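For reference, the structure is listed below as structure tokens.
Quick caveat, the model's predicted, so the values are computed rather than measured. Per chain, numbering begins at 1; letters A, B, ... match sequence-line order.
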Amino acid sequence: MSLPDVLITILKVLVIVLAAPLLALVLVYVERKTLGRIQRRMGPWHVGPMGLLQTLADAVKLLTKEVLTPERAEPWAYWIAPIVVFVPGIFVLVVIPFTPELVVSRLDLSLLYVFALPAVSVVGFIMAGWGSGSKYALLGGIRLVAQAVSYEIPLLFSVLGVAILAGSLSLIDIVNAQGDTVWYGVVQPVAFVIFIMAGLAEHSRTPFDMAVGESEVMGGPTIEYSGIRWAMFMLAEYVNIFILASLGTIIFLGGWHGPVLPGWVWYLLKTTPILLFVFWLRGTLPRLRVDQLMGFCWKVLIPLSLLNVVVAATFKVYGWGPTVPMVIASLLAAYWFYRREWLRVVAVPARDPVPVPVPAPAAAE
Amino acid sequence: MAQEVAGSRPAPTKESIANWARATLEPLGGTVVVDRQFVEVELTAEKLRAAAHEISKSDDPEFSLLYDISGLHWPDDGELEAVYHFFGGWHAEGITLRVRVPDDRPLIPTISEDWPTANWHEREAMDLFLFEFEGHPYPEPLLLEKDMQGALLKHYPQREAPDMVERFKQRGDVPFEIWKAVRPEIENG
Amino acid sequence: MALTVDPDQPLFMPGDEEPLIKDQPIGPIGMDGEMGGLFQSLPANILTLKVDQLFALSRKNSLWPMTFGIACCAIEMIGTYMANYDLDRMGILPFPSPRQADVILVAGTVNRKMARVVKLLWEQMPMPKWSIAMGSCAECGGPFYSYKNVIEGVDKIIPVDIYVPGCPPRPEALIDGFVRLQAKIMADAKAGVWRKK
Amino acid sequence: MAEATSGRSDQNAEFMEINMGPQHPSTHGVCRLELAVDGEVVLSCRPEIGYLHRGVEKIAENLTVIQLPVITDRADYLSALNTELGVVLAAEQLYEVAVPERGEYIRVIMAELNRIANHMMFYGALGTDAGFSSPFIFGWWNREIIHDVFEEVTGARMLHNYIALGGVKQDVPPNFKDSVKKILPRLADGLDRCHGLLTDNEIFVARTKGLNPLTPEEALRLGITGPSLRATGLARDLRRLAPYSIYDRFEFEVPVGTVGDVHDRYMMRLLEMRESLRIIEQALEGMPDGEYRGEIPRRLRYPVGEAYSRTESPRGELGIYIVGNGQNTAHRVKIRAPAFVHVSAMEELLKGTYIADAVLIFASMDIVLGEADR
């Protein structure tokens, strides 16, 4: 690598490092607005024109908060946890190809790279949970680790199918492979749904936010953080959601391919619906219990994603012929699994109601 | 127990409960009074546990709800009175037990074996009326701390209305300039 | 009958040196200076006041109260967060943990058992922090003033910035309280309250 | 239940002591649950109240019968009018005061509106504990509709001091009938929206169906009354069993559950709201004109004697016990709070559940700490 190339790459990485917080600010604003719209109220309105400066005001306020360390906390774990959680998000942004030329580094193993790094941020959450010394943080941290680790498996399997189809592990090749033929989201509908669900559970978003739900564990591992460190946890969460949405478009919806508009416009047109879907879920779905969460992953998502890999393999080898019945079979299997395994409602024997004698008019004095 | 009873038998009336009370509670030394709103039985403290057991065990006028234990303080004749209201689960009739105890030795046996809800009612009566329920499984204070108990007794001190003039003097001459600094901010928005 | 009632002696929390219940001076005077402004030690000059006003502008537009309702005023507080009187449009978002909160909104009666919890929450909040006493119970004990177990006013425990009168105060009154608090934050920044004199 | 309160039941189990402390978003006020937790399962729970004990009964002993509803409103601040109705019924029993027809009808309409407002608050709290904040806002739209009517009639949104000895304090505004007629369809529509959001929401059903089922005997043994008792299958409703005021003139069903689990308790309250709408419609037609308040004795001294009134408050059965002894202030006012008994039942109900379920069970009992601590 000659000197100017190194400088250019460093410049590009700097742009990404600065863009991540701004991106998160925009997403926080969009989420509060959509939540407001769902609940028939206005989101942030008074700060700046139409409330646009609201998240900027939040960020500056968080920057100037007092920096405190709880006395029961282990200082090292408490201090380093936000960094370990936030940084992998930026590393992954470096590799995502928004358009063929708008990408920082053309890594040929980028699919593997993209799914390896979020596992590091799980360690950060353990450090936060254990380091801040409060019982709720510990409980939230352990729940989050169990959830993130177990949902990593269906996430990877769902993407494995696409890797087989595209025949390569580089995101750019996957998008190019989708250029002329049909999008992988159509060939692998179940894989796309599993990818989104596992992605949500990976970053503990509703309806899988057992670990950070505020009605039981009051914010989970981030309970003892204040000011800029808590802001880093929030930014990491929103950067991860953006990564989930952009990976969804790249892998399943054929990144920048589209008839007439330029590449990056198509990219945005496909990412925003997924983002709005994630925010829409936050306003309409309650939270799962921990054991239902785990049962859903191990008993429903993993078998389905394995089935999906088989479908991808048959499409690769035999083309469209036998794949159509396979896709239909996988959809039926998904529905059957969904009905039988996932929604095991505890059947309690119903009893007939106990009639209470309506007192005769004479008795009602 | 309440299930098969409800459908078949008519609801007990006040007279049937009074007869039942005379039959079972009179031998325990209780005097039954009927002209009140509910049938009332005055008892001595020693017989209370047996009477409560009778009421919880009885099946014909079925009683399964202990509504509350209300304490009363009669300072002039120096007595504390505990009023127990029992009511039926599937019918509307009820029975009341009254126990009077001298207020310097307010000893009443607990009835929390037969009536689990009595556990907290007795703890509350302990807090507010300084009753002593011997045999209570967990006699810790419920509402008030140890040094503040006996709140509903008549001679419990109360805070008089504040003398506002003296309170402003007590606050001293607090500079109000800070607040003036806020005033223009609000006036011109 | 042993009536050991001496409710007026100051209430000590386990392990603290000065009694919990004593008159707290009102407003920012009570807070010992470091309110999270940058370079506290610099005196109030043209540059530092401008920086403070920028921070005050961002702080007043994103006041995060703590979800901590005690009694009937808590229901009106919840009513103010809801759709009809939406506080989210002013950037006021309730947070469960004291660490992320800027404002402690004491909504309801504080009795002696609750006083320790309120004091603990107030100390757990990072600076700069403000407090609103909502409702007449939090201001002066309200209709329960004559009962010795009730503390006559939260300003006996924590320094209070804004008093919102009413029992319970209407949501509009609470919004007016927040607006006054925002005005107070800007006024403090202009007056250089956070600067060393 | 008795042995659990004497501290930890099993010493050897390695467990973590968690305080779902007074400041916790899902304890609906200030109640502390000391949970001994083994991993996710709650081994034993010891509820701790007293954080909101404000001496309502002590202050009630300094007030005359006219001022009494002011302080008892603040005991159960979510259903103030139902508590006022209970207090005033006991006072009228003591003073032997007759209530004119119009006063009775106005009381029933206001009490039923207050029941709907309280159940909407329950709906919001249970939805938020299930995981998301939209039910709170869905419930509060309807509460605000009712608050507008309350303001027109009584002048206050929440704590009214409106139902008084002998009827109501002042007559309803002239356009009362059509203003209430106008909000009934809006409330019915709001109720359908609430049904749509949570009732057949699969995750909500999966979390609440079969959670903590109770039989009528267990519920009665724990002292549980009101919608939670009807959820277990016992159709015990004081408005039907021992009709007070003029409830025997309206025909409405008493919704009854089958299993007594959290989902049934939730459904009871939603079905009860529909019944309350029916009662209000019938009361609106039947409301005559004329006197809204009977004549009250000139000297308001408490007659010597006592009176006990039982009313069906939205939370459970509310008992008001007033003892008078000739002075102008009451000798003793005892409020039998259903919330107090339901908190004491928590010790038994929360054993062996997950922490996430413990929060839901606590919310399903609709506990208001102002009433529990008095």
Side-chain angles (χ1 to χ4, degrees), chain A residues 28-29 31-33 35-48 50-71 73 78 132 134 136-137 140 212-231 233-234, chain C residues 15 31-40 51-64 66-68 79-103 120-121 123-130 175 178-179 182 185 189 194:
Chain A
V28 170
Y29 174 74
E31 163 152 53
R32 279 170 74 168
K33 271 290 188 190
L35 265 184
R37 275 292 167 271
I38 293 171
Q39 294 160 357
R40 218 175 7 162
R41 57 182 172 86
M42 288 184 297
W45 189 257
H46 287 300
V47 186
M50 276 207 13
L52 286 169
L53 299 181
Q54 173 61 57
T55 35
L56 189 64
D58 288 352
V60 170
K61 181 209 77 171
L62 285 173
L63 277 170
T64 56
K65 285 293 271 188
E66 175 192 1
V67 179
L68 59 85
T69 310
E71 31 106 22
Y78 183 77
S132 46
S134 109
Y136 281 121
V212 290
E214 68 273 358
S215 66
E216 294 102 31
V217 270
M218 279 172 61
T222 63
I223 188 173
E224 290 294 337
Y225 284 86
S226 68
I228 183 63
R229 278 195 232 99
W230 181 78
F233 279 111
M234 284 297 290
Chain C
M31 287 171 219
D32 35 27
E34 87 299 321
M35 282 282 285
L38 274 185
F39 316 116
Q40 237 68 52
V51 166
D52 278 358
Q53 277 166 43
L54 170 69
F55 292 153
L57 193 64
S58 75
R59 284 176 187 149
K60 86 167 182 160
N61 284 327
S62 82
L63 284 168
W64 289 350
M66 190 161 45
T67 44
F68 162 62
T80 319
Y81 292 143
M82 287 303 131
N84 291 48
Y85 302 94
D86 185 13
L87 274 179
D88 190 17
R89 55 189 162 86
M90 296 163 67
I92 294 168
L93 203 62
F95 269 83
S97 150
R99 298 291 191 211
Q100 289 113 23
D102 306 331
V103 184
L120 186 65
L121 285 175
E123 268 144 20
Q124 278 181 344
M125 287 165 66
M127 293 295 242
K129 53 189 176 185
W130 294 272
I175 292 175
F178 273 112
V179 166
Q182 290 179 345
I185 295 171
W194 303 333

* Structure fact -> Separation between CH2 (Trp64(C)) and NZ (Lys65(A)), nearest 0.5 Å, reads 9.0 Å
* Between Gln54(A) (side chain) and Ser62(C) (backbone), is there a donor-acceptor pair under 3.5 Å? -> no
* Structure fact -> Bottom line for Leu62(A): the part with an atom under 4.5 Å from chain C's heavy atoms is side chain
* Do Asn61(C) and Lys61(A) come close enough that some side-chain heavy atom pair is under 4.5 Å? -> no
* Asked: Side chain, backbone, both or neither: which part of Glu224(A) has a non-hydrogen atom closer than 4.5 Å to chain C?
  -> both
* To do: Let me know if Leu93(C) has heavy atoms under 4.5 Å from chain A in its side chain, its backbone, both or neither.
  => side chain
* Nearest atoms (heavy-atom pairs only) where Trp230(A) meets Gln100(C) -> CD1-NE2, 3.1 Å
* Would you name the heavy atoms of Pro126(C) and Ser226(A) that are closest together and state the gap between them? => CG-CB, 3.8 Å
* To do: Identify the heavy atoms of Arg40(A) and Ala83(C) that sit nearest to each other, and give their distance.
  => O-CB, 4.1 Å
* Structure fact -> Rounded to the nearest 0.5 Å, the CG atom of Leu68(A) sits from the CD atom of Gln124(C) at a distance of 9.5 Å
* **Heavy-atom contacts under 4.5 Å, residues 84-91 of chain C to chain A** => Asp86(C), Asp88(C), Arg89(C), Met90(C), Gly91(C)
* Answer with side chain, backbone, both or neither: which region of Ile223(A) has an atom nearer than 4.5 Å to a non-hydrogen atom of chain C? => both
* Do you know which of Gly36(A), Pro44(A), Gly48(A) has the most heavy-atom pairs with chain C at a distance under 4.5 angstrom? -> Pro44(A)
